[in-house]
Amino acid sequence: MKYLICYDISGDKNRRRVARFLESCAYRLQYSVFVASCSSLQIEAIKEKIFGIIGNTGNSILTIIPLCHSCEEKIWQYGEPVETPVPYVIA
């Protein structure tokens with residue numbers, strides 16, 4: 001399944017760490033928006049890793065939206081993503 005992962009993190013250091021981590025397991029659609037193709041267990045591991053980076057701060061927002069195949073087919077986009085989609089394997 002594909003997941004849309006979006007974040008708003010105010011701290012520069014943590015935001016860079018989250019972005020670097022997501023670059024290793026997803027592709028960047030926009031600066032703080034990524035798409036990952038992975039299983040439900042893998043998305044849980046992604047959540048845990050991000051929570052480990054940002055901690056329990058009240059000023060960070062993380063949104064993960066599952067995209068079923070039907071929803072994915074209905075996506076409309078104008079312009080080019082920041083990165084080209086490539087398949088990733090999350091260990």
Side-chain angles (χ1 to χ4, degrees):
M1 177 173 277
K2 287 196 177 180
Y3 293 87
L4 188 67
I5 304 169
C6 314
Y7 60 83
D8 185 5
I9 300 170
S10 59
D12 291 340
K13 181 180 176 183
N14 285 343
R15 185 173 50 248
R16 280 191 301 271
R17 289 179 65 203
V18 168
R20 270 189 303 237
F21 166 68
L22 287 173
E23 286 169 347
S24 73
C25 60
Y27 75 90
R28 185 175 247 154
L29 191 61
Q30 295 180 6
Y31 291 107
S32 61
V33 179
F34 289 78
V35 175
S37 292
C38 57
S39 69
S40 58
L41 289 175
Q42 291 168 322
I43 200 66
E44 289 302 318
I46 289 172
K47 285 181 200 177
E48 291 302 316
K49 176 69 174 178
I50 294 172
F51 287 148
I53 294 169
I54 62 175
N56 194 15
T57 59
N59 58 353
S60 296
I61 299 171
L62 174 65
T63 304
I64 299 177
I65 302 168
L67 299 173
C68 67
H69 184 68
S70 176
C71 294
E72 187 181 345
E73 290 178 341
K74 296 173 186 171
I75 294 172
W76 182 88
Q77 180 177 340
Y78 174 78
E80 295 296 319
V82 176
E83 296 178 349
T84 304
V86 292
Y88 287 92
V89 176
I90 303 169

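Any value given below was found using the heavy atoms of this structure, including those in side chains, with hydrogens, waters and symmetry copies removed.
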Check your understanding: Are Val33 and Ile65 joined in one hydrophobic group, where the rule is that I, L, V, M, F, W and Y side chains link up if heavy atoms are under 4.5 Å apart?
Key -> yes
Check your understanding: Given Phe34, which of Tyr27, Tyr3, Phe21, Tyr7 fulfils the side chain to side chain contact (heavy atoms under 4.5 Å, CB included) condition?
Key -> Tyr7
Check your understanding: CZ/Arg16 to CD/Glu23 distance, rounded to the nearest 0.5 angstrom?
Key -> 12.5 Å
Practice item. To the nearest 0.5 Å, tell me how far Ile50 CD1 sits from Ser60 OG. Key: 11.0 Å
**Study point:** Shared hydrophobic cluster, Phe51 / Leu22 (ILVMFWY, side-chain heavy atoms < 4.5 Å)
**Key:** yes
Check your understanding: Looking at CD1 of Ile54 and CG of Asn59, how far apart are the two atoms once the value is rounded to the nearest 0.5 Å?
Key -> 9.0 Å
Check your understanding: Are Lys47 and Glu44 close enough for a salt bridge, meaning some N to O gap below 4.0 Å?
Key -> yes
Check your understanding: Which atom names give the shortest non-hydrogen contact between Ser40 and Ile43, and what distance separates them?
Key -> O-CG2, 3.2 Å
**Study point:** Closest approach of Met1 to Cys68 (non-hydrogen atoms, all atoms of both residues)
**Key:** CE-CA, 4.3 Å
Check your understanding: How long is the span from the CG atom in Leu62 to the CD1 atom in Ile53, to the nearest 0.5 Å?
Key -> 10.5 Å
Point to revise | Side-chain (Arg15) to main-chain (Asp8) donor-acceptor, under 3.5 angstrom | key: no
Review point. Under a 4.5 Å cut-off applied to non-hydrogen side-chain atoms, are Ile46 and Cys25 in contact?
Key: yes
Revision key, fill the gap. Heavy atoms of Ile9 and Asn14 approach each other most closely as CG2-CB, 4.1 Å
Check your understanding: Rounded to the nearest 0.5 Å, what separation is found between the NZ atom of Lys74 and the CG atom of Leu67?
Key -> 12.0 Å
